[in-house]
Amino acid sequence: MQDIFEGLNDAQRAAVSHVDGPMLTLAGPGSGKTRVVTHRIAHLLQQGVSPFSIIALTFTNKAAQEMKKRLERLTDDSSVWMGTFHGYCARFLRHYGRLVGLSENFSIYDADDSKSAIEQSVLDSGVSLTHLKIGDIIRGIGKLKNSAITPDMMEEPGRSALDHAIQKVYVAYQKQLLVNNAVDFDDLLMHTATILRTNEDLRADLDAKHRYILVDEYQDTNLAQYLIVRGLSLDHPNINVTGDPDQSIYGWRGADISNILNFERDYPGVKIVRLEQNYRSTPEILSVADTLIENNRRRKAKRLIPTRSSGTKVALRTYIDARQEADMIADQIASAILEEKANARDFAILYRTNNQSRLLEQALLKRKLNYQLIGGYRFYHRQEIRDLLAYLRLVNNPTDDISFKRIINVPARGLGEKTLAQVNELARNREIPMLVALRAAIDRGMLSRKAQTGAKQFLTLYDQLVEESSNSIVAMLQKLLQETKYIEYLAAKKSEAPDESVEGNVQELISDASEVDLVNEDGNALQQFLEQVSLSSDTDSLTSDDRVTLMTLHSAKGLEFDHVYIIAIEQDILPHVRSRHNNDQLEEERRLFFVGITRARETLQLSNAMQRGFGGNQMAAPSPFLMELPRAEMSLADGGDEEGSMASDLDDSWGESWGDGSESDFPKALERKARRARESSWKSLPKLQSGSEMIAAATLAGVPVDEFEAGMRVRHPAYGQGTILSTEGFGPKRMVRIDFDQGDRKSFQLSKSPLELA
DNA sequence: AATATGTTCATTTTT
DNA sequence: TGAACATATT
């Protein structure tokens with residue numbers, strides 16, 4: 001074994017040599033964190049610690065694989081358990097899921113399955129969606145689960161209409177999941193936390209078994225994850241968490257930054273190691289990152305200490321519009337490759353939201369540059385893949401009604417809405433799975449002739465698949481494709497020629513399956529395969545092929561590239577509109593930007609465009625974050641020209657994003673919008689960009705938006721009379737919160753609700 | 001069941 | 001703007 005301390009700096013050595021007791025590693029970007037973690041594990045093994053008593057928890061498969069690979073290279077050991085939180089929990093629940101009512105073969109629902117189940121639960125629980133959005137309910141349930149709050153822990157009824165609905169739907173949803181023997185992603189964590197919390201003997205056993213625990217990206221853990229980690233390290237607090245509060249970017253998903261900030265409180269006597277030396281980026285890049293992040297107020301001071309020698313200045317460019325931005329960047333990349341200064345794989349283009357990839361793809365395509373797009377349309381989200389997997393899932397778990405519903409009429413067998421409703425009712429009345437209910441319905445001759453035939457056909461296929469399942473997954477898939485003529489079916493359905501990509505995807509699925517078949521040791525290959533598929537993610541598809549990488553700032557975390565472009569650094573994009581009014585969220589956006597900047601090794605270009613959006617002609621203001629950067633030491637340029645020629649352009653456009661150039665177009669566009677608004681009644685006033693524009697448009701359209709103020713008495717046709725508690729926003733987006741005399745408190749968007757003054 | 005036509009709604013998403 | 005979804009029409 002090589003010397004595991006060789007080439008480490010003092011802080012890294014301190015971390016690697018730590019054996020017993022809690023340790024917090026505050027690791028800035030590019031500080032050699034993975035190296036430290038793997039070397040520390042190697043050190044533990046050297047000290048005689050059993051590999052089976054160590055677990056390492058990460059957030060991504062990629063991170064786990066990377067760690068595994070490096071550890072194997074270092075020690076030849078592959079028995080340390082390394083994997084994602086969700087992977088750990090899935091395995092845990094296969095063993096102990098009974099304690100919360102799950103059988104071993106439970107299905108794992110992804111966001112889409114979960115959404116259909118929640119929609120079903122909305123119906124079941126009699127909640128009306130007229131005034132609520134399904135998305136808000138889904139988010140609400142997710143929030144509860146991330147905090148490990150189970151339905152039976154909710155005592156008080158929800159205060160707002162939304163909270164009330166969330167609670168009702170949550171109860172129904174969990175019941176449905178249990179009946180289906182299924183879990184969603186959040187359940188994996190929540191159930192595990194619940195079991196550990198309520199079964200002290202088991203907890204103590206596992207705490208003793210997992211003597212050494214390592215957690216990566218600790219700043220992004222949510223409460224459920226916190227509880228799991230805590231539960232496993234109470235008696236043996238040999239726990240090492242690694243993270244960087246400045247890179248916490250998943251607050252909106254329930255990540256709680258206080259987990260890392262309070263670590264010292266939870267584990268007295270904690271050893272704290274700071275890894276501040278940066279081995280990744282040039283001093284120029286680090287200075288930009290540092291200056292930016294210092295604007296966050298809720299933050300522990302921390303520096304990025306450069307170790308690399310000076311490179312080129314960070315570029316800050318302003319383009320005319322989004323198209324020019326995409327074209328110029330593609331040109332830059334193309335010429336760098338042509339001049340053999342770099343390879344396509346050295347470049348990454350990062351953006352805030354997925355929809356910004358479109359123009360870039362076009363621009364790269366036009367120049368015949370290969371690229372890989374991370375996120376967006378995912379392999380496992382393709383219709384053909386989901387359909388086929390639903391069959392497999394139903395074989396593995398016959399009580400999985402969500403999968404049943406997905407494929408019962410795929411391909412079409414004359415089992416439409418009506419038949420489905422019949423079967424569903426039978427299933428509910430008798431409390432049996434729909435698959436069983438379908439058989440019963442045939443036996444009782446409840447179905448129409450057509451449906452009867454289709455149902456028999458389906459069940460024959462299903463039974464054949466079950467039979468094949470004792471052979472291999474590949475055999476099942478082949479049987480399925482053969483019997484259903486699936487590919488032809490899909491082509492016919494879309495009334496297109498058979499799509500090559502569909503066939504390619506199916507082939508890829510089969511090849512994935514065959515790999516699992518090969519290593520099938522314990523006879524549950526199918527379950528293993530389904531789990532692997534469910535817990536895989538976009539970033540897993542990242543390859544080292546020679547391609548330019550396009551992805552969101554979120555998915556870029558943990559990665560690094562020689563040359564990084566961050567685009568669309570504009571007001572309402574980065575920071576995103578939805579974080580405008582909340583300082584915590586604004587700081588998270590700043591951290592996101594920080595994460596993006598610190599991905600770059602050699603060069604970094606930040607850009608904004610003056611026009612972007614629908615039709616490409618909406619004015620876009622530069623992000624306020626751009627004003628926080630050390631602009632004196634950067635290279636400022638207008639996108640079309642050479643460096644320096646328009647150095648002050650950004651400042652100009654800053655204060656007058658509605659000024660000069662746009663002024664002549666502005667009233668005309670506005671007039672059009674306003675006219676359209678008048679014509680189509682004020683209820684459907686189009687969404688507009690800025691507050692001032694909205695007020696102006698509303699005035700033009702004659703919308704009476706501002707006569708409602710706090711304290712006024714109003715009348716609503718459904719809720720009766722009430723008093724306005726507060727108002728928020730302007731123009732057609734103006735919201736009023738009303739305390740109705742009957743007791744309800746509700747909020748309305750003025751332009752959309754039938755409120756009138758009383 | 002297929003097709004046309006209207007309506008709505010646009011975050012991020014490690015799993 | 002356009003995709004995804006819902007509703008109407010044949």
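So that the names make sense, note that chain A is the first sequence line, chain B the second, and so on, each numbered from 1. Quick caveat: nothing in here was measured; it's all calculated off a predicted structure.
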Separation between the P atoms of B:dT11 and C:dA4, rounded to whole Å: 12 Å

Choose from B:dT13, B:dT14, B:dA10 the nucleotide whose nearest atom is closest to any side-chain atom of A:F59. B:dT14

B:dT12 phosphate, OP1 or OP2: any side-chain N/O from A:S555 under 4.0 angstrom? no

Please report the distance separating the P of B:dT12 from the corresponding atom of C:dC5, rounded so that it comes out in whole Å. 15 Å

Value in whole Å for how far the C1' atom of B:dT14 lies from CD of A:Q225: 9 Å

How close or far is atom C1' of B:dT12 from atom CG of A:N146, stated in whole angstroms? 14 Å

Side chains of A:S114 and A:Y173 only: does a donor on one sit below 3.5 Å from an acceptor on the other? yes

By a 5.5 angstrom centroid cut-off and a 30 degree plane limit, is there stacking between A:W252 and B:dT12? yes

Neighbour count above 12 (heavy atom, 6.0 Å) for A:R94 CZ: yes

Rounded to the Å, how far apart are A:E588 CD and B:dT11 C1'? 11 Å

Under the 5.5 Å and 30° test, is A:H554 stacked on the base of B:dT12? no

Between A:N409 and A:Q585, which residue's closest nucleotide on DNA chain B lies nearer the 5′ terminus? A:N409

Can you sort out the partners of A:F561 under ring pair (Phe, Tyr, Trp, His ring centres under 6.0 Å), two or more places apart, ordered by chain and number? none

Given atom CE of A:M551 and atom C1' of B:dT12, what is their separation to the nearest angstrom? 14 Å

Quick one: A:E589 CD to B:dT12 C1', roughly how many Å, whole number? 8 Å

Any ion pair linking A:D113 and A:R386 (charged N to carboxylate O, less than 4.0 Å)? yes

Between CG of A:N354 and C1' of C:dA3 the distance, given in whole Å, is 14 Å

Hey, does A:N355 reach any base, or is it just sugar-phosphate, or nothing, if we go heavy atoms under 4.0 Å? nothing

Reckon A:F85 touches a base, only the sugar-phosphate, or nothing at all at heavy-atom distances under 4.0 Å? nothing

With a non-hydrogen cut-off below 4.0 angstrom, is A:R358 in contact with a base, only sugar-phosphate, or nothing? sugar-phosphate

With nearest nucleotide decided by heavy atoms, which residue, A:G416 or A:H86, maps closer to the 5′ end of DNA chain B? A:G416

Distance, rounded to the nearest Å, where A:K115 contributes NZ and C:dC5 contributes C1': 9 Å

Any N or O donor-acceptor pair linking the side chain of A:R352 to the base of B:dT11 at under 3.5 Å? yes

Would you kindly give the CG-to-P distance between A:L535 and B:dT13, to the nearest whole Å? 18 Å

Compute whether any side-chain donor of one residue and acceptor of the other, for A:D246 and A:N296, lie under 3.5 angstrom apart. no

